[in-house]
Each structure stands twice: as structure tokens, then as C-alpha cells.
Amino acid sequence: MYQKRALIAGATGIVGLNVAEHLHDIGGWEITGLSRRPPAGASYMRSIAVDLLDREAALRTLGELKPTHVHYCTWTLGRNEDENIRLNGGMLRTLLDGVAATGTVEHVAVVTGTKHYLGPFEDYGKVTPVTPFREDAPRLEKKNFYYELEDIAMDYAARHGFGWSVHRSHTIIGYAVGNLMNIGATLATYASICKATGAPFVFPGTPTAYRGINDITDARLLAKHIVWASTEPNARNEAFNATNGDVFRWEQLWQRIADYFGVEAAYPGEYNSLTERMSTLGPQWEALVAEHGLQPNPLDRLASPWHTDLDLGRPMECLHSMAKSRALGFADFQDTEQSFIDVFDRLRAERIIP
């Protein structure tokens, strides 16, 4: 019997799937994944269909599990931040109520993000933060479901005697299909349509986002960071930024992405909405799927231009300090340009883009 038993909430998502793959790669873990739908091809993982929004049904299933390490890598989008707090806080409470009573849990890791420093979706970009973001920065005087998740994790840990960690990622780049916030698949489908139609590959963000310095989070690095904090005693009961550890300018990266797809990079010098630009591209995408025999995914399942608009529409640079993780022994880093290329290569290999 495995001594380390991982329970991953959101096992089909961009983060959860990478955590599962990392645990499988390093070996020595029993891996159980929770998701509304089972993952495809992850035979190394025990997959359980659970909807954490259905509390009573979830508790019946969770009571049979005895994980040592819980990785909370899921979320749901509400109509406003009050609903985000209610829904997401409720899901985490349901998960922890279901497993904490077993007495087997040693650590709970919770993934949040940069909205910790920038505020909720409806206030996104309305604050003027000091960068680089550091973990000891005071919370904003705004409602934020990320704060709710942190407070829940700390409360349950104190009452049940397990450790916790919080992982504040930036925009996540990684392989996933059907993810709510997927910049990799969004740009890949957009660029593929531009290539097929001869349209320029227009950067949709602000001048500051285009020319300023930014960072990003590779889902593979985030997975390593989560597992590291879950098993490193010095990282117990801490909140961490979790980014690649390098910086980039979209002005350079946009050209590199354009070169990969063989399209013309362009920028009009002002913000323009990718959501509006892609809203009419469904027929062109369906034509590409048919022409190249791609997996039959509709464009709105692969692309999340609304979130890319938020990322690239910021009026400020966005940088995170990784000094705290480095000081405690996490030395991994990831080249951001390669993060995008690797995702594009995998999307092509899986016949998701041409």
C-alpha cells in the first residue's frame, strides 16, 4: 500500500492534470482524481466523478477516501464576487469536510492566483499595485474568493492538525482542453485561423502589456511547486507566489508565436478586444476542423478570449517575486517562450490544432 496518497480536486483541469502527471513521473504515489467528467488517457490515476457543488452526494463519496495529501486545483465562475466566494468557498469546505475526519490528511495545497494582488474580476486592473508582488503584501480592501480559500485552508488545518500551502500563480500556460482560463489554446486557435484566412495576428492588449515586463506560470512548474510545498517541512503553512522565474515582454513573445504559426504579427498600438475579434470566427474554425481532420472541439470549448482580454488588457506590468520559494529550496524555473512552444506542439500532436 502506498504511504503517500494524493487526492486531486480538478483532475482534468490545466493544473490538476499536470499535478497528476508529475506525481506519476516521480513515482511512489497513489493518485486519485476528482472531476465532474473522467480524464481521457490517464490510466495511472483512479478517477472519481464528483461535483463538489453537490454537497451531499460529494460527502458520501469523499468519506470513503483516505488521502494523505490534498491538492485543490479547481474553481467555478459565479456572476459576481459574492457568488464566487459562496460557490468556491463551499466547494473547498465540502472537500475538507469529506476527508478531514479520516485523520489521514497531512497537507492541503490550494491554488489561487494574481487576483490576490489585483482584486476580483469586476475590479481587475483598477488598482495600482507595487511590483514585484510579494507574499507579505497586505490584502486589498475588496471582496475576493482567493482570500476565502486561504482562510478556509488555514482554519481547517488548525482544527485538524494538517499542514497547508497556498500557491498564487500568474496566468497559467499549459496543455488542457475545455479549461476556463486557457491562454495557450486561445492563442493557438486564434493564430491558426489567422494563418488559414491570411489575417494578421493582432495583439489585443494595452501598450503597457505589450511593451512592459511580465511573467507567467507554466502548469508543469506549478505542479512541481505544489508537490514540493506539500512534502517540504520548511514550506509548511506558507503562501507562495508560483511563476516561471523568468520575465518577458509580449512585444517579443508575440512575434515568436507569429513565427511559429507562420503569420504576420501586428499591433495597432491600443487595446482591442480578442473576445470581439473571435466572436465571429466559429465558422472558420469549423472549416479548419473539417479540412484537417481535427478533434471535433468547438471553438468556445478550446478558447477563453474573455480571460486573455483581462490578462492583456492590464494597464500595468505584472511581476511576482519568487524569492520566498528560492530561500526555502525550490530552485526550478521555466523558460516562458518554450512554455508556449511546448503547448503548441502538444496541441498539434493531439490533433487539436492544424
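Treat the numbers as computed from the prediction; the structure is a model and nothing was measured.
Closest heavy-atom contact between Leu299 and Trp285: N-CD1, 3.6 Å. The heavy-atom pair separating Leu294 from Pro354 by the smallest distance is CD1-CD, 3.6 Å. Nearest approach of Thr94 to Ala58, heavy atoms of both residues: CG2-CB, 3.8 Å. Smallest separation of non-hydrogen atoms from Ala235 and Leu328: CA-CD1, 4.4 Å. Closest approach of Ala209 to Leu312, counting heavy atoms only: CB-O, 3.2 Å. Of all the heavy atoms in Gly16 and Cys73, the pair that sits closest is N-CB, 3.8 Å.
Glu83 places a side-chain N or O within donor-acceptor distance of the main-chain N or O of Arg79, the cut-off being under 3.5 Å. Side chain of Arg249 to main chain of Arg211: a donor-acceptor pair is present (N/O by atom type, distance under 3.5 Å, no hydrogens or angles). A donor-acceptor pair under 3.5 Å links the side-chain atoms of Arg351 to the main chain of His292, judged by distance alone. Side-chain atoms of Ser169 never come within 3.5 Å of backbone atoms of Ile172 as a donor-acceptor pair (strictly under, hydrogens ignored). Of the possible polar contacts, none joining the Ser325 side chain to the Met322 backbone as a donor-acceptor pair under 3.5 Å is found. Arg36 contributes no side-chain N or O that, together with a main-chain N or O of Ala49, makes up a donor-acceptor pair within less than 3.5 Å. Side-chain atoms of Arg326 come within 3.5 Å of backbone atoms of Phe330 as a donor-acceptor pair (strictly under, hydrogens ignored). Judged by distance alone, with hydrogens and angles left aside, the side-chain atoms of Thr131 form no donor-acceptor pair with the main-chain N or O of Phe133 at under 3.5 Å. Counting only distance, with no hydrogens or angles, the side chain of Ser321 and the backbone of Arg134 share no donor-acceptor pair below 3.5 Å. Judged by distance alone, with hydrogens and angles left aside, the side-chain atoms of Thr217 form a donor-acceptor pair with the main-chain N or O of His170 at under 3.5 Å.
Side-chain N/O atoms of Asp345 and Tyr260 include a donor and acceptor closer than 3.5 Å. Side-chain atoms of Asn241 and Tyr117 form a donor-acceptor pair, as typed in the model, at a separation below 3.5 Å. In this model, no donor atom of one side chain and acceptor atom of the other lie less than 3.5 Å apart for Thr208 and Thr206.
Contact of the Trp29 side chain with the Arg5 side chain is not registered, since no non-hydrogen atoms from C-beta on lie closer than 4.5 Å. Taking the side chain as every heavy atom from C-beta outward, Leu95 and Leu7 approach each other to under 4.5 Å. The closest side-chain heavy-atom distance from Thr114 to Arg168 is not below 4.5 Å. Between His71 and Leu23, the closest side-chain pair of non-hydrogen atoms falls below 4.5 Å. No side-chain heavy atom of Leu17 sits under 4.5 Å from any side-chain heavy atom of Thr12. Proximity of Asp215 to Thr336: side-chain heavy atoms (C-beta onward) are nowhere separated by under 4.5 Å. Using a 4.5 Å heavy-atom cutoff, the side chains of Ser339 and Asn244 are in contact.
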Start with the C-alpha gap between Ile173 and Val343, add the side-chain angles, then the distance that decides, and say whether side chain to side chain contact (heavy atoms under 4.5 Å, CB included) holds. CA-CA 8 Å; Ile173 174 72; Val343 169; 3.9 Å; yes
Report the C-alpha distance between Thr231 and His69 in whole Å, list the side-chain angles of each, state the deciding distance to 0.1 Å, and finish with yes or no for side chain to side chain contact (heavy atoms under 4.5 Å, CB included). CA-CA 9 Å; Thr231 55; His69 295 74; 4.2 Å; yes
Please test Glu81 against Lys143 for salt bridge (charged side-chain N to carboxylate O under 4.0 Å, His left out), starting from the C-alpha separation and ending with a verdict. CA-CA 7 Å; Glu81 200 60 16; Lys143 296 176 181 178; over 6 Å; no
With side chain to side chain contact (heavy atoms under 4.5 Å, CB included) as the test, would you mind laying out the steps for His307 and Asn182 before giving the verdict? CA-CA 8 Å; His307 194 264; Asn182 194 333; over 6 Å; no
Does the side chain to side chain contact (heavy atoms under 4.5 Å, CB included) test come out yes or no for Asp246 and Asp335, once each step is laid out? CA-CA 7 Å; Asp246 75 345; Asp335 177 81; 4.1 Å; yes
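Salt-bridge formation is detected for the pair Arg159/Asp155: a Lys NZ or Arg NE/NH1/NH2 atom is positioned less than 4.0 Å from an Asp or Glu carboxylate oxygen. Taking the charged nitrogens against the carboxylate oxygens, Arg139 and Glu150 do have a contact shorter than 4.0 Å, which makes a salt bridge. Salt bridge annotation for Arg93-Glu148: present, with a cationic side-chain nitrogen under 4.0 angstrom from a carboxylate oxygen.
The side-chain hydrogen bond (donor to acceptor under 3.5 Å, both in side chains) check on Tyr190 picks up nothing, with sequence neighbours excluded. Scanning for side-chain hydrogen bond (donor to acceptor under 3.5 Å, both in side chains) contacts around Asp259 gives Gln255, with sequence neighbours left out. Listed by chain and number, the residues in a side-chain contact (heavy atoms from CB on, under 4.5 Å) with Ala57 are Asp54, Arg60 (sequence neighbours excluded). Residues satisfying the side-chain contact (heavy atoms from CB on, under 4.5 Å) test with Asn214, not counting sequence neighbours, are Phe248, Trp250, Cys318.
Taking NZ from Lys115 and OH from Tyr147, the interatomic distance works out to 11.0 Å, rounded to the nearest 0.5 Å. Put simply, CG on Leu288 and CD1 on Ile193 are 6.5 Å apart, with the number rounded to the nearest 0.5 Å. Glu30 contributes atom CD, which lies 12.0 Å from atom CD of Gln3 (distance to the nearest 0.5 angstrom). Rounded to the nearest 0.5 angstrom, Ile8 CD1 and Glu21 CD are separated by 10.0 Å. Separation of atoms OG (Ser165) and CG (Asn237) is listed at 9.0 Å; rounding is to 0.5 Å. Atom CG in Leu65 sits 6.0 Å away from atom OG1 in Thr32 (nearest 0.5 Å).
Within a 6.0 Å radius of CZ in Arg55, more than 12 heavy atoms belonging to other residues, nucleotides or ligands are found.
Aromatic ring centres of His116 and Tyr146 lie farther apart than the 6.0 Å criterion allows. Two rings, from Phe162 and His107, have their centers 6.0 Å or more apart. Ring-centre distance between Trp254 and Phe201: below the 6.0 Å cut-off.
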Expected list for residues 270-282: side-chain donor-acceptor pairs under 3.5 angstrom, two or more places apart:
{"from": "Asn272", "atom 1": "OD1", "to": "Arg277", "atom 2": "NH2", "distance (Å)": "2.8"}
{"from": "Asn272", "atom 1": "ND2", "to": "Phe203", "atom 2": "O", "distance (Å)": "3.1"}
{"from": "Asn272", "atom 1": "ND2", "to": "Glu270", "atom 2": "O", "distance (Å)": "3.1"}
{"from": "Ser273", "atom 1": "OG", "to": "Thr275", "atom 2": "N", "distance (Å)": "3.2"}
{"from": "Ser273", "atom 1": "OG", "to": "Glu276", "atom 2": "N", "distance (Å)": "3.1"}
{"from": "Ser273", "atom 1": "OG", "to": "Asp309", "atom 2": "OD2", "distance (Å)": "2.9"}
{"from": "Thr275", "atom 1": "OG1", "to": "Pro305", "atom 2": "O", "distance (Å)": "3.4"}
{"from": "Thr275", "atom 1": "OG1", "to": "Trp306", "atom 2": "N", "distance (Å)": "3.2"}
{"from": "Thr275", "atom 1": "OG1", "to": "Asp309", "atom 2": "OD2", "distance (Å)": "2.7"}
{"from": "Ser279", "atom 1": "OG", "to": "Glu276", "atom 2": "O", "distance (Å)": "2.7"}

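Sorted by first and then second residue, the salt bridge (Lys or Arg N to Asp or Glu O under 4.0 Å) pairs with a member in residues 220-241 read Asp218-Arg220, Arg220-Asp342, Lys224-Asp332, Glu238-Lys324; sequence neighbours excluded.
Using cut-offs of 30° and 60° on the angle between ring planes, the pair His225 and His167 is perpendicular.
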